[in-house]
Amino acid sequence: MVNEIILNDTPIQVDSYEENPDGFCVEFKVTSEGYHDITTLLYKGMFDIEVPEKGLAFRGNIREYSTSITNLYESGQVGEFRLCLREVKE
């Protein structure tokens with residue numbers, strides 16, 4: 001079971017991890033307190049990606065991204081993010 005991925009040296013605790021032919025998808029919770037930091041990170045688009053429990057490390061980008069809630073600026077909110085990443089050959 002994968003519990004963590006790392007994007008640009010930022011660890012993200014994940015609730016689910018699913019590999020697919022194009023890369024992998026994860027789901028994780030984001031609180032209103034962490035919303036700004038995580039969305040700022042995701043807006044970068046390209047990442048140094050690590051999945052320590054799988055021994056994976058590569059350069060990649062977002063293939064798919066969604067969230068269960070769009071207004072995490074209100075205190076005490078928690079959103080479920082789904083993020084699919086793929087390797088990019090440079």
Tell me every residue that passes side-chain hydrogen bond (donor to acceptor under 3.5 Å, both in side chains) with [X], counting only those two or more places apart in sequence or in another chain.
| X | result |
| --- | --- |
| Glu64 | none |
| Glu87 | Lys89 |
| Tyr35 | none |
| Asp22 | none |

All salt bridge (charged side-chain N to carboxylate O under 4.0 Å, His left out) counterparts of [X], not counting sequence neighbours:
| X | value |
| --- | --- |
| Glu19 | Lys54 |
| Arg63 | none |
| Lys29 | Asp15, Glu80 |

(request) Would you mind listing every disulfide bond (SG atoms under 2.5 Å apart) that reaches into residues 52-90, with sequence neighbours excluded? (result)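 Non-adjacent pairs meeting disulfide bond (SG atoms under 2.5 Å apart): Cys25-Cys84.
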(message) Are Ile12 and Ile6 packed together at the side-chain level, in the sense that at least one heavy-atom pair is separated by less than 4.5 angstrom?
(response)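 No. Closest side-chain heavy atoms not under 4.5 Å.
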(request) Could you note down all residue pairs passing ring-ring contact (aromatic ring centres under 6.0 Å, His included) where residues 46-72 supplies at least one of them, sequence neighbours left out? (result)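 Only Tyr65-Phe81 qualify under ring-ring contact (aromatic ring centres under 6.0 Å, His included).
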(message) For Asn20, I'd like to know if atom CG has over 12 heavy atoms of other residues, nucleotides or ligands within 6.0 Å.
(response)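 Buried by this count: over 12 neighbours within 6.0 Å.
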(request) Please go through Val78's hydrophobic cluster and name the other residues, only I, L, V, M, F, W, Y counting, with side-chain heavy atoms under 4.5 Å joining them. (result)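 For Val78, no cluster forms, as it stays isolated from other hydrophobic side chains.
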(request) Would you mind listing every salt bridge (Lys or Arg N to Asp or Glu O under 4.0 Å) that reaches into residues 36-52, with sequence neighbours excluded? (result)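 For residues 36-52: Asp48-Arg59.
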(message) Going by the rule side-chain contact (heavy atoms from CB on, under 4.5 Å), which residues pair with Gln77 if we only count those two or more places apart in sequence or in a different chain?
(response)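 Gln77 satisfies side-chain contact (heavy atoms from CB on, under 4.5 Å) with Ser32, Ile69, Leu72, Glu74 only.
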